[in-house]
Amino acid sequence: MAWSRDDMARRAAAELQDGFYVNLGIGIPTLVSNFIPPGITVQLQSENGMLGMGPFPFEGEEDPDLINAGKQTITELPTTSYFDSAQSFGMIRGGHIDVSILGAMQVAQNGDLANWMIPGRMVKGMGGAMDLVAGVKRVVVLMEHTARNEPKLLRECTLPLTGKGVVDMVITDLGVFEIDRAGMTLTELAPDVSLDEIRQKTEASFIVRVE
Amino acid sequence: MAWSRDDMARRAAAELQDGFYVNLGIGIPTLVSNFIPPGITVQLQSENGMLGMGPFPFEGEEDPDLINAGKQTITELPTTSYFDSAQSFGMIRGGHIDVSILGAMQVAQNGDLANWMIPGRMVKGMGGAMDLVAGVKRVVVLMEHTARNEPKLLRECTLPLTGKGVVDMVITDLGVFEIDRAGMTLTELAPDVSLDEIRQKTEASFIVRVE
Amino acid sequence: MNKIYPDAHAALAGLLRDGITIMSGGFGLCGIPELLIAAIRDSGVRGLTVISNNAGIDAAGLGLLLETRQIRKMVSSYVGENKLFADLYLSGALELEFNPQGTLAERIRAGGAGIPAFFTKTGVGTLIAEGKEVREFDGENYVMEKGLVADLSVIHAWKADREGNLVYRKTARNFNPVMATAGRITVAEVEHLVEPGALDPDHIHTPGIFVQRIVRAATFEKPIEQRTVRKRGN
Amino acid sequence: MNKIYPDAHAALAGLLRDGITIMSGGFGLCGIPELLIAAIRDSGVRGLTVISNNAGIDAAGLGLLLETRQIRKMVSSYVGENKLFADLYLSGALELEFNPQGTLAERIRAGGAGIPAFFTKTGVGTLIAEGKEVREFDGENYVMEKGLVADLSVIHAWKADREGNLVYRKTARNFNPVMATAGRITVAEVEHLVEPGALDPDHIHTPGIFVQRIVRAATFEKPIEQRTVRKRGN
């Protein structure tokens, strides 16, 4: 049985450690904040200029001056600080954020990431994604294993890159892969998912070291 | 009769315009703040991180957290803002300060300035002087015309430079010089100072356009 | 020297010419200089290059200047929420230069601080690095990016005093402080004008030296792009 | 994760090794981490490279580490107020690298922001540019300067909360915020420790992400280098 989106987010949350500073991308990664393991505290960074991001506001308490990088209304916490965009990306590009968890269209076995444009379609822009993958200490991709039955874990990305050799871990609905200089390693399988199924749905070559 | 230090400071203050942001160096330039012409308001910048510098404190009201770039205790004004050293020099180097008035050991006829080191003697460092002369819109030098009867206005500086081609105006006890691409021009004489005296005490070549 | 202007039109008087480059603060619709953008629209100035993280939405923010075809080129990091933008771009009526958001912020800060170019890891090995110098420092590759300045910056702040010292509120700060430093002239639209000395000098985000003109945004309902809430009792 | 340490020695435990590079905040004796400097002296660590705008005075600030010969090299912009410094330097016992003050501040900011190098006008045509790349942008020459990082930054702040958010006071801010960003580990000595939420998030100068350890400077008389006053009734 493949992992649900919540399962994937829970698995990603297990990568967090007490005291971590974390940037969560839009989509499934947003769910990770619902599964912070008990006993640890992390601070969420929002690249539009906030550290210590709180949950959505109660209805009627929305503040137009308080939004996240997805432009959603949010709240502040007792630990919150605000800063300008240059300082925010100084934080990101200077290697001060511990983990970035974000979505992807394609990941290559060498850690290349594509998640910002499809040539020929309207391009919305990369926003802060290129900065995050270049600057954050550890990049975790959370994505469905395939898109319309086509593999997303590839030998080489066919779409324009967001970053070269930047992904450290990929969590899909089928399992978990680690990527380092040696290449890609399958380290976990979702319950009842077979190695065969993963092999069939993955173009990238990987070695298997499932405990 | 040559100008006194106060006269020189008063003449320098005449270069200020309403709304100007001004950085004053240590020594004679400090006196300029005593002669701001009536009806105009300027903001003094202190490169250690302050805009809107006030006068010295009353005795007993010194604050160790409130000093100027000469490390002297000062006060704040209703317009004051504080900022860090990077922003302070962003201001200076980004061309946001209107005038820098500072002292010099030597000025060359092409605007080269030397005011930070004498080889063989203990070198204290350039502090913010190189940044100021490189970044501020207009650089006015306030200095004695000679040092131990040796000219300080030279064809070429013999001391290591603080900046190349950076000085726009020199005010000495004997007169006022303007420097632009065409070279140096004597534009004012102190009362009862003769052109001959200036010629004798100046190594630099200059043209004369005294009104 | 008076920096206070009675309205947005007065605050922009003499500053607008066809073909100039304008930086416009804000992230999404948060912290945008709405009244100044409307005044730029009303001026009829054309052929603008606008540097702004986003391009507004249809009928709000920079969307106003897209409707009237006053923008020739956008320099942005993300323009996703604007249908008209897509149409103009795809029809060739609008030029577009994408910058990674951090590169955009840093280029603007650099421009304001007199730095003509700097190196960054962001974008190495991607389309963004094409045609740019790539250089190795300590075994890693970096791409050279250039500082940005503008003829005019229009920004939004929460509070200002008459000296032009500014304080921003929460995430409405975003690009506004760096743009204030990089405009040859910076015009700030502010929600509150306070007396000299009312702002604690330790709390000022933008020192007055970076602000040449100020206009109070007397009445202005701030838009919300994505209203997300949770239920009480959760 | 606890960032609060009971005293300066505890706050530096495990961080000091011979030969490391330390950034030390402050301008003159204003905003220097006096207790942390004393604790570094007491640790006996040697061969330090210290990046600091000034080198203290005899018997105060970094003067403490000069007395004990623990500093091998200083990276500074102005070291004028220290007689011992001059003696050590002239006898060859101390290495010295001068940086223009703005270049020093920008190099530190760059290091903290992941920028390995940038261009500046400061120092072009002077000794400072010797051996460095000089390049023309838009008809003007600029010199390339490199980002600076340190193994450890020791800084002084006015207030901190347990998250490590810092607020500085008046001109005691100076180099402290940029150094906080450029230390692999940053230890902040603070005058007041406040409860979470007591600092307005719009007023925080250094977000807690840049601060790994905090120690309260319980009692500490701040020195004044140049006491200048005016007479009442002036």
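Residue numbers start from 1 in every chain, and the chains themselves are labelled A, B, ... in the order their sequence lines are given, proteins ahead of strands.
- More than 12 heavy atoms of other residues, nucleotides or ligands shown are found within 6.0 angstrom of NZ on C:Lys3.
- Interface remark: C:Arg169 contributes backbone and side-chain atoms alike to the contact with chain D (heavy atom separation under 4.5 Å).
- Ranking C:Gly102, C:Pro116, C:Ala113 against chain D, the residue ahead of the rest is C:Pro116, based on heavy-atom pairs under 4.5 Å.
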Verdict with supporting geometry, C:Asp200 and D:His203, side-chain contact (heavy atoms from CB on, under 4.5 Å): CA-CA 10 Å; C:Asp200 183 327; D:His203 297 164; over 6 Å; no

Trace of the side-chain contact (heavy atoms from CB on, under 4.5 Å) decision for C:Met144 with D:Phe119: CA-CA 10 Å; C:Met144 191 174 87; D:Phe119 290 89; 4.0 Å; yes

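- Using a 4.5 Å cut-off between heavy atoms, D:Phe137 contacts chain C through its side chain alone, with no backbone atom that close.
- Taking OH of D:Tyr142 as the start and CD1 of C:Ile115 as the end, the distance is 10.5 Å to the nearest 0.5 Å.
- With a 4.5 angstrom heavy-atom cutoff, D:Arg135 touches chain C only via side-chain atoms.
- With chain D as the partner, the residue from C:Glu145, C:Lys170, C:Lys121 showing the most heavy-atom pairs under 4.5 Å is C:Lys170.
- Atom CZ of C:Arg72 sits in a crowded spot, with more than 12 heavy atoms from other residues, nucleotides or ligands closer than 6.0 Å.
- There is no contact between D:Glu140 and chain C, counting heavy-atom distances below 4.5 Å.
- Atoms NZ and CG, on C:Lys146 and D:Asp138 in that order, are 7.5 Å from each other to the nearest 0.5 Å.
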